[in-house]
Amino acid sequence: MWTGVRYAVLSKYENQITIFADYLEEFPDTDELVWILGKQHLLKTEKSKLLSDISARLWFTYRRKFSPIGGTGPSSDAGWGCMLRCGQMMLAQALICRHLGRDWNWEKQKEQPKEYQRILQCFLDRKDCCYSIHQMAQMGVGEGKSIGEWFGPNTVAQVLKKLALFDEWNSLAVYVSMDNTVVIEDIKKMCRTLPLSAETAAESPPESLNASTQSKGPSACSPAWKPLLLIVPLRLGINQINPVYVDAFKECFKMPQSLGALGGKPNNAYYFIGFLGDELIFLDPHTTQTFVDTEENGTVDDQTFHCLQPPQRMNILNLDPSVALGFFCKEEKDFDSWCSLVQKEILKENLRMFELVQKHPSHWPPFVPPAKPEVTTTGAEFIDSTEQLEEFDLEEDFEILSI
């Protein structure tokens, strides 16, 4: 149970409003290339284009004054929810690529496609939104994290994998690698689905019953591809990042499939979206804003969901070694291309950042694609959080991490 003392402890975080101009540096005047989520920008001549590209990313921060999590839990995630917000940002980028494409751009006060609004509504701080702070915090209980406790990158990845099972509109296959190893066979088993027209010829897996699998493929009986969110949790050192991994880590931001990386410093999570030289560029969730809900016309005022100031940067060697890389492969050819890039740029190193193997390791347990529970959702509508917890036999636990 949350006490007045615990709320008082959080109050100082709820009132933290970051003033960007006080500590953000402008990008230097240099001829170097800047890489942002698979796209390059020449800083000297394309600075405005670069800043526009960065501000188009959905930016999720601490919020306050939302409905208490679980009914009696916290009404703000300030002080503990930064990694959850970073996970939301990575997933939101995947959904942008899925529905609007990587080249889509956002402009302030400009009418946006209806898919954009629907994506945004998936992340509102309400228990009935599929990727809300409420759903993520409560699903984290099944990963051994009390509500109000700080998450690490792998925990967030596991939570997103579970929540995606309920989300039919976006219909993502979420693969989280084990033991620094990505298994091609397992991913293709999970993502390849039969279109509806083939159901009479063969028994289809449950995933084939979503709309996204109907239109792709050269023939009616060819497997369709369920868009892939690939998350690779890594430990790149003991107490600090091993410099031998720096080049490979930066190379991942150059890949067209890049969704950036989750990481930061102990108990301070950031969403890394690119790099300039040896500095990582990131979006910082450590700003507390007031809860925003849908308006009467059904849309969301999105002004506080985009960072309009120059982003922060940090030297890559200051990064905590616990990170999670993200990639999005809308079609099978995107995944095949990613595998080729990994073979060329990552596996060439003597000390590899992670492994990519064709076959499922024989000493591992058999791979079983995650099954969707009976209760389903479409788009931003979501099952009641209490029902969801019962599906996974979770207990509500509202203890907060000591701050």
Side-chain angles (χ1 to χ4, degrees), residues 24-44 50 53-54 57 82-83 86-87 89-90 93 152-154 156-157 176-182 230-285 310-328 337-357:
L24 283 186
E25 297 180 18
E26 290 288 342
F27 281 109
D29 188 13
T30 175
D31 291 328
E32 286 190 81
L33 285 174
V34 179
W35 286 91
I36 301 292
L37 301 175
K39 293 182 71 173
Q40 64 178 21
H41 300 275
L42 186 59
L43 188 54
K44 199 157 193 173
L50 166 65
D53 189 24
I54 293 171
R57 303 313 111 213
C82 52
M83 186 61 82
C86 292
M89 286 189 268
M90 177 179 280
Q93 179 60 24
N154 183 61
V156 167
V176 181
S177 66
M178 287 175 46
D179 296 338
N180 292 0
T181 303
V182 176
L230 168 58
I231 304 178
V232 186
L234 299 170
R235 184 82 186 180
L236 301 180
I238 300 175
N239 297 316
Q240 59 187 26
I241 188 170
N242 188 330
V244 74
Y245 295 121
V246 166
D247 289 342
F249 188 76
K250 288 162 58 176
E251 202 66 38
C252 291
F253 292 98
K254 297 181 181 181
M255 297 178 179
Q257 301 85 356
S258 175
L259 296 176
L262 308 177
K265 300 176 181 179
N267 295 336
N268 279 283
Y270 307 123
Y271 175 41
F272 296 96
I273 58 173
F275 71 91
L276 166 63
D278 286 329
E279 289 186 321
L280 296 173
I281 299 168
F282 63 92
L283 296 178
D284 186 355
Q312 293 194 67
R313 308 191 305 277
M314 66 177 282
N315 189 287
I316 192 169
L317 293 178
N318 293 331
L319 180 68
D320 185 89
S322 180
V323 300
L325 297 168
F327 305 94
F328 178 70
S337 173
W338 179 82
C339 291
S340 297
L341 287 170
V342 169
Q343 292 277 1
K344 180 181 177 182
E345 303 296 343
I346 306 299
L347 303 187
K348 68 179 181 180
E349 303 292 340
N350 291 328
L351 188 58
R352 296 174 175 178
M353 193 165 60
F354 61 88
E355 297 288 346
L356 176 67
V357 299

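What you see is a predicted model, and the numbers here were worked out from it, not measured in a lab.
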Any chance you could measure [X], atom [atom1], to [Y], atom [atom2], to the nearest 0.5 Å?
X    : Y    : atom1 : atom2 : answer
Q93  : I273 : CD    : CD1   : 8.5 Å
L341 : E251 : CG    : CD    : 8.5 Å
Q40  : D53  : CD    : CG    : 12.0 Å
K348 : D247 : NZ    : CG    : 7.5 Å
F328 : M90  : CZ    : CE    : 13.0 Å
S337 : M255 : OG    : CE    : 9.0 Å

>> Check whether K250 reaches the backbone of G277 with its side chain - one donor and one acceptor, N or O, closer than 3.5 Å.
In response: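 Yes, K250 side chain to G277 backbone: donor-acceptor pair under 3.5 Å.
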> Is a side-chain donor or acceptor of R352 paired with a backbone partner of F354 at a separation under 3.5 angstrom?
Replying inline: no
> Which residues pass the ring-ring contact (aromatic ring centres under 6.0 Å, His included) test with F282, sequence neighbours left out?
Replying inline: Y270, F272
Side chains of [X] and [Y] in contact at under 4.5 Å (non-hydrogen atoms):
X    : Y    : result
E345 : K254 : no
P321 : N242 : no
L230 : W338 : yes
M89  : C86  : yes
M178 : V232 : no
N268 : D284 : no
C82  : P285 : yes
L317 : D278 : no

>> Would you say that more than 12 heavy atoms from the other residues, nucleotides or ligands in this model lie under 6.0 Å from the CD1 of I238, or not?
In response: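 No, not enclosed.
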> Looking only at heavy atoms, which two atoms of I231 and A324 are closest? And how far apart?
Replying inline: CG2-CB, 4.0 Å
> Looking at I54 and P311, what are the two nearest heavy atoms and their distance?
Replying inline: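 Scanning both residues, the minimum pair turns out to be CD1-CG, 3.6 Å.
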> Which residues pass the side chain to side chain contact (heavy atoms under 4.5 Å, CB included) test with L42, sequence neighbours left out?
Replying inline: L33, T45, E46
> Under the side chain to side chain contact (heavy atoms under 4.5 Å, CB included) test, which residues partner M353, sequence neighbours left out?
Replying inline: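 M353: side chain to side chain contact (heavy atoms under 4.5 Å, CB included) contacts with L234, L236, Y245, A248, F249, C252, L325, I346.
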>> As a quick check of understanding, evaluate side-chain contact (heavy atoms from CB on, under 4.5 Å) for T181 and E355, giving each step before the final call.
In response: CA-CA 5 Å; T181 303; E355 297 288 346; 4.1 Å; yes
